[in-house]
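Here's the structure, in structure tokens; my notes come after.
In what follows, every heavy atom counts, from backbone to side chain, and hydrogens, waters and symmetry copies are set aside. Protein chains get the first letters and strands the later ones, always in sequence-line order, with residue 1 at the start of each.
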Amino acid sequence: MKLILNEEQQMLKDSAKDFAENRTPVNHFRSLRDDNDPQNWDKEVWKEMVELGWSGILIPEEFGGSDFGLAGISVIMQEIGKTLTPSPLLATAVLGASAINTFGTQEQKAEYLPKIASGEITTALAVDEESHHAPSNTLTKAELVGDEWVINGKKKFVVDGSSADVLIVLARTSGVKGENAGLTLFILNANQEGVEVIKTDMADCRNYANIVFDNVSLAKKALLGDQESGGEAIDKILDEGRIALSAEMLGNSEAAFEMTLNYLKERKQFGVLIGTFQALQHRAAEMFVEIELTKSAVMAAMQGADENNNDLQRMASLAKSIAGETLYLVSNESVQMHGGIGVTDEYDIGFYMKRARVAEVIFGGANFHQERYANLSNF
Amino acid sequence: MKLILNEEQQMLKDSAKDFAENRTPVNHFRSLRDDNDPQNWDKEVWKEMVELGWSGILIPEEFGGSDFGLAGISVIMQEIGKTLTPSPLLATAVLGASAINTFGTQEQKAEYLPKIASGEITTALAVDEESHHAPSNTLTKAELVGDEWVINGKKKFVVDGSSADVLIVLARTSGVKGENAGLTLFILNANQEGVEVIKTDMADCRNYANIVFDNVSLAKKALLGDQESGGEAIDKILDEGRIALSAEMLGNSEAAFEMTLNYLKERKQFGVLIGTFQALQHRAAEMFVEIELTKSAVMAAMQGADENNNDLQRMASLAKSIAGETLYLVSNESVQMHGGIGVTDEYDIGFYMKRARVAEVIFGGANFHQERYANLSNF
Amino acid sequence: MEHLESFRAEVKEWLEENCPPSMRTGAKVDASSATDEVWGGRNAVYKNPESKLWLDRMGAKGWTMPTVAKEYGGGGLSKEETKILNEELWSIGAKQALLSFGIWMLAPALLEYASEEQKRLHIPRIIKGEIRWCQGYSEPGSGSDLASLSTKAEDMGDHYLVNGQKVWTSYADQADWIFALVRTGPQEPKHTGISFLLIDMATEGVSTKPITLISGKSPFCETFFDNVKVPKENLVGEVNAGWTIAKALLQHERNFISNFGLAGAASGGGNDVVTLAKKHFGEEDGKIANGIFRSDVTTHKMKEHAFGLTLKRAGDEGGKASAVASMFKYYGTEHNKKRHEMMIAAMGSNGVAWDGDEYDQEEKDLTKAWLRTKGNSIEGGTSEVQLNVISKRVLGLPS
Amino acid sequence: MEHLESFRAEVKEWLEENCPPSMRTGAKVDASSATDEVWGGRNAVYKNPESKLWLDRMGAKGWTMPTVAKEYGGGGLSKEETKILNEELWSIGAKQALLSFGIWMLAPALLEYASEEQKRLHIPRIIKGEIRWCQGYSEPGSGSDLASLSTKAEDMGDHYLVNGQKVWTSYADQADWIFALVRTGPQEPKHTGISFLLIDMATEGVSTKPITLISGKSPFCETFFDNVKVPKENLVGEVNAGWTIAKALLQHERNFISNFGLAGAASGGGNDVVTLAKKHFGEEDGKIANGIFRSDVTTHKMKEHAFGLTLKRAGDEGGKASAVASMFKYYGTEHNKKRHEMMIAAMGSNGVAWDGDEYDQEEKDLTKAWLRTKGNSIEGGTSEVQLNVISKRVLGLPS
């Protein structure tokens with residue numbers, strides 16, 4: 001495995017960079033926020049992303065995608081992460097596409113994948129039920145009543161949950177809280193009777209929802225993957241999501257760091273540029289090193305995933321944990337180095353801090369992934 | 001409780017400071033080391049310490065001591081810690097005196113305490129059997145055979161063990177490894193038949209020994225404290241030792257920091273004093289803060305101990321943990337800031353690093369005390 | 001001693017008669033969110049009329065600044081008497097009658113630097129809560145280099161003409177007067193061309209605009225001076241000698257902020273990181289169920305313990321050295337930031353909630369409180385400035 | 001391709017015939033403690049005669065520096081051929097025939113900067129291991145400011161007269177020649193008055209004294225020059241232009257040291273922190289029994305993993321920028337220090353053993369290895385210097 005981008009990936013990255021810089025600079029995010037956009041992302045922008053082929057990157061060509069792999073979508077996530085570009089890319093093009101393509105029946109693939117690729121639908125993955133990510137703690141129940149599955153429960157913190165047309169839900173068909181066995185995935189339309197989607201406003205102004213399932217009846221074919229195989233499936237889907245999210249977080253770090261470096265080079269105090277202060281120089285150098293380490297971890301995870309590296313779980317946990325810790329460091333240092341204006345809403349740097357903490361929680365924080373990495377490594 | 005020294009304590013501190021600076025500067029330690037002194041401390045120096053009354057500080061006046069309390073001995077430990085003054089003070093005047101005075105019978109007190117106060121004997125406390133401090137893991141066995149206790153087992157890492165005349169030993173009279181119940185303390189002469197004292201050379205050139213007990217027969221009166229009460233007793237004795245040791249470690253940190261500050265003020269690189277480099281200034285300021293926090297923790301622990309504060313365990317763990325972490329930081333930073341000469345044997349600063357790591361292990365490291373503090377605090 | 005005992009009896013009796021029932025709730029004042037705080041001033045609105053009554057009574061006794069001499073409207077109490085007063089207020093759970101930058105900052109400076117006339121004019125109004133003050137120091141671009149300020153006050157013979165802009169003026173939009181640093185000696189070296197000026201904010205040309213922070217609304221404002229005429233008698237101390245007063249005041253502010261680190265820790269309750277961690281991670285054998293987080297919590301709480309002891313030790317030592325204040329400002333604010341980071345981390349997704357009904361108000365408040373702490377290590381002298389001060393003034397490292 | 005295949009066959013055959021059995025142990029060379037290392041030189045002692053045989057045979061082929069041209073005694077191999085040679089050496093577990101600062105540092109510099117005559121004289125002797133070299137850069141007091149060196153070489157017409165002192169010269173007491181930086185232009189600015197000089201240590205006036213480190217004995221020496229006469233033809237490059245050569249060499253050294261961080265980690269075995277922690281803290285359900293330590297180990301190992309991937313990525317990118325080298329030097333040495341701290345911490349009292357029979361040799365060695373790592377972040381450019389380089393050259397922060 002080479003830890004460099006191939007030509008295809010480099011082209012995707014360049015194209016995403018160009019799009020983010022020109023079409024969706026941070027002001028795009030700011031204006032959606034200021035307008036209290038109910039969806040938190042712009043339909044026109046999403047349409048353009050779809051036209052660039054981004055929604056189909058994890059989708060095979062026969063279903064209208066380009067099959068460029070996780071590395072392909074991750075480099076895009078990294079670039080749009082730099083400008084905090086709001087879009088349903090993570091939930092739809094990564095989680096939804098990967099889940100359906102990997103675990104769906106031929107029929108399900110034919111039904112959903114072309115619609116994802118064409119931008120006709122967006123999706124969301126409903127996993128968490130507690131304040132901390134823990135798929136095995138799922139309590140949402142799916143019971144077979146006659147010919148139908150009946151789902152009851154409440155999911156929370158569902159990324160892009162309030163705008164999604166189609167939901168993929170992790171539910172318990174047997175076993176008890178804490179067990180991975182007995183979990184099953186279902187796919188359904190968000191407007192299904194009994195589904196109540198409650199949009200929640202989190203600190204980073206991404207789209208999130210809590211979702212209540214009140215006696216939601218589903219046909220048998222709503223099963224995504226085999227019954228009781230959801231524990232393993234969700235792990236695979238989540239790991240792809242974690243890697244793509246890590247790439248986005250890396251982009252967040254890179255952008256915040258660059259803004260801060262620029263500030264150090266232009267802001268004067270006591271008659272000199274503050275970038276001449278050695279204490280700040282060394283802290284900047286340390287951030288640089290951490291970002292370099294993060295780049296390597298993300299790169300290895302995304303390239304490894306596409307080469308079916310059998311170390312996917314550990315690599316995903318490494319990437320998510322390190323990306324989270326680096327972004328924590330960089331977002332804090334960036335605000336501090338900006339001084340007073342760093343804590344004003346008028347200035348963009350604070351957006352990265354808010355995004356940092358919310359992204360940290362999505363699909364497990366550093367704690368979760370350190371524990372997982374340690375277990376997988378026999379520490 | 002006031003976190004300042006009273007007049008008596010201040011006088012002891014001044015006297016110790018004077019002694020350390022004039023009688024036992026670091027060169028005294030160095031020359032004992034270079035001479036491979038078999039005892040690692042100087043009898044003449046110890047005699048002078050005894051004459052200053054230091055061996056009797058924890059001993060009541062009726063037995064020839066001054067009863068100045070743990071704070072009294074701790075301020076002395078702090079000062080002699082600054083010059084790494086070698087002496088059996090910790091093992092004898094703190095651990096031995098405290099153990100016998102707190103748990104001994106009237107007869108034992110009358111037998112041992114005057115001899116400790118007068119410098120006639122030194123003592124050592126034999127607890128550890130594994131590489132990590134864990135009194136409850138004691139396996140050394142004491143069985144009652146007829147009228148006598150028979151002891152078998154091996155102790156390791158006994159501070160001042162090779163020079164001690166009298167040993168206090170933690171042994172198991174019932175129960176199994178891991179239990180605090182079933183532990184009992186014994187007091188015996190080091191030259192007792194069956195006792196083999198093996199001196200061990202550790203990195204810091206303090207006196208340590210491993211001690212083998214091979215069918216050592218003891219009269220019933222060799223019990224120190226009640227049978228099976230050793231678990232509780234050892235905790236109290238160790239906590240006093242931990243606090244006094246923390247004071248010594250604080251002294252180590254203070255001295256290493258001062259040497260480093262002086263170096264920053266005199267060493268030139270690139271034509272300027274290295275103390276003008278802001279990165280080093282900030283790191284020095286951070287060390288200063290950590291040392292201040294350590295001073296407070298040690299002060300609160302030692303004054304609290306003398307006021308029978310019911311939080312002794314938690315305070316001892318706080319002091320030992322913070323003193324250890326501060327000394328770790330300061331010893332590392334000090335060597336690094338000295339540059340090349342910092343890693344040469346010719347220069348004193350390396351001594352503090354060696355002492356730091358060994359002191360960290362004695363009576364439990366930061367890990368041990370963090371866990372203990374957390375348990376006591378219901379975290 | 002007999003005198004003090006009778007004084008205690010007097011206080012008890014007076015409080016019994018004069019402290020209204022609703023002012024004895026024992027509630028702590030939480031400066032960030034309390035809505036029924038009393039700040040006084042011309043435009044004060046009293047949701048609870050008893051709080052106005054309580055202010056008036058305490059103000060009349062001069063007990064909002066008990067140690068200030070009676071001639072300036074103070075309580076004229078000795079230190080020992082003040083201690084007794086505070087103990088008695090505490091024992092009935094009395095609310096603070098008046099929160100005031102006038103009391104905390106301006107009055108002490110006036111007592112030291114102002115003319116007799118100025119003291120007699122301004123201090124009683126501060127003590128009675130009649131005039132609410134704000135502080136005008138920082139300017140856009142001045143940052144840590146406060147003395148680089150450029151708001152100018154030109155000597156026009158019978159008055160100063162003030163032009164410029166201040167930022168970070170807390171509650172400027174609700175204050176009656178502002179004490180401001182202005183440049184009166186544009187040709188002087190930067191520290192010696194500054195004067196300390198008192199300005200009535202009702203004067204024509206003064207305007208304010210609130211600042212929104214990353215945490216949301218804030219008491220901070222921008223304050224603009226557009227050809228504002230200020231009478232010359234409003235100058236405190238000598239012309240061009242304002243920096244000395246400013247430094248004394250800044251020191252005061254620094255001491256004030258350094259207590260942040262422990263404020264919440266001491267108050268306990270639902271916002272303690274241990275409680276939150278047990279709630280959100282669960283408990284096993286009474287321990288926080290997540291081992292890695294428990295380990296982080298432990299080292300954090302031990303540092304907090306040692307820091308608390310250090311504050312106590314500094315008090316016991318009676319030391320008031322500015323360098324020590326720098327240490328407390330630095331460590332207290334950094335610790336407070338860390339404390340909030342740990343609290344929101346303990347709460348998982350509930351720790352990053354912003355709005356709506358799906359999360360508790362307490363949770364949403366904590367998200368904002370966390371963001372607000374980011375300013376602690378910037379305002380009142382950045383952490384970097386404090387480290388500079390420690391390294392140079394305490395450790396004697398060369399410049 | 002056909003050529004390469006036949007080359008591989010040739011190599012295989014040659015190795016089969018020429019690599020003595022005892023040189024095929026596959027043992028890794030551990031630079032800190034190995035006793036049967038081969039460093040060559042006039043005074044070399046070969047405990048195992050086969051190691052001399054192996055050196056002579058490899059030297060004769062020029063395969064100790066396979067890519068160097070045959071006219072200088074090298075192997076004259078292409079990159080592809082060299083890769084094959086290394087693979088074949090690896091596959092039979094061949095020991096390194098020669099460890100040499102001549103190979104690692106001097107020869108590359110000579111190839112770039114020396115005269116044809118100098119190359120023909122010195123490089124073959126390096127390749128054959130006939131002359132053992134040491135490096136004379138640092139001086140007492142020069143520290144990070146290497147260019148402040150003051151050992152002077154005066155031009156005496158037919159020779160230079162050298163006076164001064166070097167420190168940190170590795171193995172100077174066993175070396176035959178030294179390549180040294182000397183001051184030839186005392187009036188020049190400090191960087192432009194330096195020359196690069198080759199000195200035979202057998203010359204009268206050269207003496208050495210070993211340096212004891214906090215970790216004990218070391219290969220480092222002080223080297224003294226007392227009126228040492230050095231022929232003028234021993235100057236490499238132009239007079240006063242030695243700094244350019246020095247910088248190229250330093251870069252090389254930095255790259256060399258930055259691999260420290262992973263050296264031990266990759267080698268696995270008994271010195272891995274996880275193994276040590278399980279041994280000394282015990283295991284529960286296959287996990288390190290001490291939760292706090294396990295947590296520390298985990299974050300440390302994850303950083304190590306990411307750092308290893310970063311080294312690999314830099315290789316894949318083919319980047320050799322000096323700034324990246326600074327990053328690796330900085331992080332590699334800091335990580336290695338931390339790794340050793342964790343190992344000795346895992347071992348408790350066994351981690352601080354120094355001498356005697358009560359502790360294993362491996363334990364006592366590790367105590368010393370831990371202390372030795374403290375020099376890693378100082379030698380070859382301190383961590384502070386590396387951070388300066390990163391902040392200025394990579395990040396473009398102003399001076």
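When atom types are taken as modelled, the side chain of K312(C) and the backbone of M1(B) share a donor-acceptor pair closer than 3.5 angstrom. Side chain of D316(C) to main chain of L3(B): a donor-acceptor pair is present (N/O by atom type, distance under 3.5 Å, no hydrogens or angles).
Shown here for L397(C) and G275(B), the closest heavy-atom pair between the two residues is CB-O, 3.8 Å. Nearest approach of S296(B) to T310(C), heavy atoms of both residues: OG-OG1, 2.6 Å.
When each of S391(C), S399(C), P398(C) is checked for heavy-atom pairs under 4.5 Å with chain B, P398(C) comes out on top.
In this structure H132(B) satisfies the ring-ring contact (aromatic ring centres under 6.0 Å, His included) test together with F281(D), sequence neighbours excluded. Legend: residues meeting ring-ring contact (aromatic ring centres under 6.0 Å, His included) with Y347(B), ordered by chain and number and at least two apart, are H338(B).
Judged purely by distance below 3.5 Å, without hydrogens or angles, the side chains of Y331(C) and E292(B) never pair a donor atom with an acceptor atom.
Remark: L309(C) CG to M299(B) CE distance equals 11.0 Å, nearest 0.5 Å. The CE atom of M302(C) sits 5.0 Å away from atom CG of L318(B), with the distance rounded to the nearest 0.5 Å.
For M287(B), no part lies near chain C; criterion is any non-hydrogen pair under 4.5 Å. Contacts of E384(C) with chain B are made by both backbone and side-chain atoms, with heavy-atom separations under 4.5 Å. Both the backbone and the side chain of K303(C) come within contact range of chain B, with heavy atoms under 4.5 Å apart. Only the side chain of L273(B) comes within less than 4.5 Å of a heavy atom in chain C; its backbone stays farther off.
Looking at heavy atoms from C-beta onward, R313(C) lies out of side-chain contact with L293(B) at the 4.5 angstrom threshold.
Within residues 240-261 of chain B, the residues approaching chain C closer than 4.5 Å by heavy atoms are, in numerical order, F257(B), L261(B). Heavy-atom proximity under 4.5 angstrom to chain C picks out H369(B), Q370(B), E371(B), Y373(B), A374(B), N375(B), N378(B), F379(B) from residues 363-379 of chain B.
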